[in-house]
Protein chains: 2
Amino acid sequence: MQLAVSTVIFALREPDRRAVRRASAEDSRPILSLPLVCRVRDPYDGYWALPGGPLRAYEGLTEAAARTLEETTGLRSAYLEQLYAFGDPDRSMLDTTDTTHTPGAADTRAAGTPERTASDRERVVSIVYWALVGQEEAARARVSQNVRWLAADTLPTLAFDHNLIVDYALWRLRTKVEYSRIAHAFLGETFTLKELREVHELVLDRTLDPANFRRQVEASDAVVPTDSFRTGGRHRPARLYRYNTAIAPVDLGPLATTTTAPTTPEPTTPAMRSSR
Amino acid sequence: MQLAVSTVIFALREPDRRAVRRASAEDSRPILSLPLVCRVRDPYDGYWALPGGPLRAYEGLTEAAARTLEETTGLRSAYLEQLYAFGDPDRSMLDTTDTTHTPGAADTRAAGTPERTASDRERVVSIVYWALVGQEEAARARVSQNVRWLAADTLPTLAFDHNLIVDYALWRLRTKVEYSRIAHAFLGETFTLKELREVHELVLDRTLDPANFRRQVEASDAVVPTDSFRTGGRHRPARLYRYNTAIAPVDLGPLATTTTAPTTPEPTTPAMRSSR
DNA sequence: CCAAAAGTGTTTGTCCTACACCCATGA
DNA sequence: TCATGGGTGTAGGACAAACACTTTTGG
């Protein structure tokens, strides 16, 4: 039995030069992408897989996720949260029959995938994290021959059950963007409300009303205005905002104190309240 | 390194005869309780702990949770979901200095706690599940000398980090009751809306408006009316309802297909929608 | 001046809350 | 018949969606 920690790393990246031809030329908005590692061992040899590796003796789970994130991309994430533990006995031997995986995978493989060192077919329980990386941070991601960033919604067949895992992480990201305040993790230190809205639009894949978005964000206290403005467009400059660190970013309940988040009680949604 | 699976099992149980004296006599509503196992080994010897045990070679994680649940209580749960994986390196050696744990614990211990068979102080990663058990099911729970049901909100100091785990499970239960439809799992096959409302009130610890609760539940399609009525009170009989199995009970996203839930797309919350 | 995006105001509809009110039953 | 809870109606408030409108810049 092996215990591994893997991470689904999301970032908004400029579209690849090769892939940009498909669209109508000037649609060059960032694309929700994630880095994958090409396997060089027998189970799923040549397939892409999530970055990860075995848990070391004296490190915590979150620590291990941050470490593998740094090892594969050279980056630190602005947001890191546990996703789910996958441990079905047969998840090492799923359908290899599907051959729709990227053909270029075979020639990019190299030595040193950190995942799985023991004998094959051994059972692996994976504790999976998901992470968000900022734009500037993602721009200077380490390039490597067997690490590649792929678009999240047009993935090939991945190794093991990693397609299911990415789908679940995507679902969690989209769900959480709607009710929590994590979209800023995709941006830099300061940002305009238009930029923040575009992150929401890219993640949720639909347009949002600028006026209503502005009001909703301002009412949530998620951001605080600065005195700076973003100029350069041929229009009125937009005010820059900064993420409000005084409020807990997410709802982890009692677990919020054990992570990096400051302790702040979550506002309860009023619903059918009465006396008592 | 050990990998264990533990489960936080919730049920609404009649208050204990001994504990009923504290209240003003006729407040005998059910109490949110969970079964705990008394440890008989050195780390936290005599303390109460969550039921669980090592993951077996050929069983899935959910399978292991259901098995330990059956082994400690003899029951099957109406709801079972993964909670979190706890794996900090130092969580086997937390504060033993606190001695506020129940004094009667020492004399109820017996041989055969299923948890942890290897040498002490070894690192343990626990994948924790949480479960809901129906009222009738909970009433015929197996009694044992080193298994006892304790009230969820007045727990003593538990072994390891199990207090934190129970707090988190409680928070998840309360959060999920508000937006999902899991409260029926505490009840039997059929139930009145008053009974379902009382479950919500007990879990959330506040009263709810009966009229609004009725409308909200009926609008959510969570239950379907039957032709039977609950008679006996000196008032108009109440219609019995049944849980609507045609709709997925919770939001597990892509993971819903891997569990027992039928495949039904989750209705998205409309918010700031526009064209595209 | 004009185009374009920043930012504000306003209407409309929907949902929740509180609470008044009728209905049906057992004693 | 009356007390009790089952079940319905409805006015008021909060909030989101849609969209008209004003403001401020670059060309």
Side-chain angles (χ1 to χ4, degrees), chain A residues 26 29 177-181 187 190-202 204 206-242 267-276, chain B residues 26-29 177-181 187 190-202 204 206-242 267-276:
Chain A
E26 68 265 14
R29 289 175 310 166
V177 157
E178 286 197 316
Y179 74 87
S180 188
R181 330 188 271 103
L187 298 170
T190 60
F191 43 85
T192 67
L193 289 186
K194 176 193 172 70
E195 289 162 357
L196 186 61
R197 174 168 55 83
E198 281 173 345
V199 170
H200 278 83
E201 291 178 342
L202 279 166
L204 301 177
R206 66 165 188 260
T207 60
L208 302 174
D209 186 300
N212 296 330
F213 181 81
R214 160 183 301 275
R215 268 185 293 255
Q216 189 153 317
V217 168
E218 279 174 344
S220 75
D221 272 343
V223 296
V224 286
T226 70
D227 293 333
S228 309
F229 291 83
R230 176 97 70 213
T231 60
R234 25 189 261 202
H235 52 77
R236 175 173 171 179
R239 183 181 291 277
L240 287 171
Y241 289 79
R242 184 186 307 279
T268 59
T269 310
M272 300 181 304
R273 195 156 302 169
S274 190
S275 59
R276 182 172 294 185
Chain B
E26 68 263 13
D27 179 24
S28 65
R29 290 177 310 167
V177 157
E178 286 197 315
Y179 75 88
S180 186
R181 329 189 270 102
L187 299 170
T190 60
F191 44 85
T192 67
L193 289 186
K194 177 194 172 67
E195 289 163 355
L196 185 62
R197 176 170 53 84
E198 281 173 344
V199 170
H200 277 83
E201 290 178 343
L202 279 166
L204 301 177
R206 66 165 188 259
T207 60
L208 302 174
D209 186 302
N212 298 331
F213 181 81
R214 158 181 303 274
R215 269 184 293 254
Q216 190 152 318
V217 168
E218 280 174 344
S220 75
D221 273 341
V223 297
V224 287
T226 71
D227 293 333
S228 309
F229 291 83
R230 177 94 72 209
T231 59
R234 20 190 264 203
H235 53 79
R236 176 173 171 179
R239 184 180 291 275
L240 287 171
Y241 288 78
R242 186 185 308 278
T268 60
T269 309
M272 302 179 303
R273 195 157 303 169
S274 188
S275 60
R276 179 170 301 184

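The shown structure was predicted, so the numbers you read here are calculated from the model rather than taken from an experiment. Residue numbers begin at 1 in each chain, while the letters A, B, ... track the order of the sequences.
As a whole-Å value, the separation of B:Asp209 CG from C:dC21 P is 16 Å. One atom, CD of B:Glu218, and another, P of C:dC15, lie 15 Å apart when rounded to the nearest Å. A:Arg236 places its CZ atom 18 Å from the P atom of D:dG27, with the value rounded to the nearest Å. In this structure, CG of A:Leu196 is placed 15 Å from C1' of C:dA6, rounded to the nearest angstrom. If you take CZ of A:Phe213 and P of C:dT8, they are 15 Å apart, rounded to a whole angstrom. Protein atom CG of A:Leu208 is 17 Å distant from nucleotide atom C1' of C:dG7, rounded to whole Å. The separation between A:Gln216 atom CD and C:dT8 atom C1' is 17 Å, rounded to whole Å. As rounded to whole Å, 15 Å separates atom P of C:dA6 from atom CZ of A:Phe191.
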Measure all distances between protein nitrogen or oxygen atoms and nitrogen or oxygen atoms of nucleotides 9-12 of chain D, and list the pairs falling under 3.5 Å.
| from | atom 1 | to | atom 2 | distance (Å) |
| --- | --- | --- | --- | --- |
| D:dG9 | N7 | B:Arg215 | NH1 | 3.1 |
| D:dG9 | O6 | B:Arg215 | NH2 | 3.0 |
| D:dT10 | O4 | B:Arg215 | NH2 | 3.4 |

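Looking at residues 221-235 of chain A, you'll see A:Arg234, A:His235 sit with a heavy atom under 4.0 Å from some atom of DNA chain C.
Shown here for B:Arg242 and B:Phe191, the closest heavy-atom pair between the two residues is C-CZ, 4.2 Å. Closest non-hydrogen pair, B:Leu196 versus B:Val217, comes out as CD2-CG1, 4.2 Å.
Although no hydrogens or angles enter the test, the distance criterion places a donor-acceptor pair under 3.5 Å between the side chain of B:Thr226 and the main chain of B:Leu240.
B:Ser180 is linked by a side-chain contact (heavy atoms from CB on, under 4.5 Å) to B:Lys176, B:Ile182, B:Val250, counting only residues two or more places apart in sequence or in another chain. A:Arg197 is linked by a side-chain hydrogen bond (donor to acceptor under 3.5 Å, both in side chains) to A:Glu201, counting only residues two or more places apart in sequence or in another chain. Under the rule for a side-chain contact (heavy atoms from CB on, under 4.5 Å), the partners of B:Ser220 that lie at least two apart in sequence or sit in another chain are B:Arg181, B:Ala222.
To the nearest 0.5 angstrom, B:Gln216 atom CD is 10.5 Å from B:Asp209 atom CG. How far NE2 of A:His235 is from OG1 of A:Thr231: 9.5 Å, rounded to the nearest 0.5 Å.
A salt bridge (charged side-chain N to carboxylate O under 4.0 Å, His left out) check over residues 219-239 of chain B, counting only residues at least two apart or in different chains, returns the pairs B:Glu195-B:Arg230.
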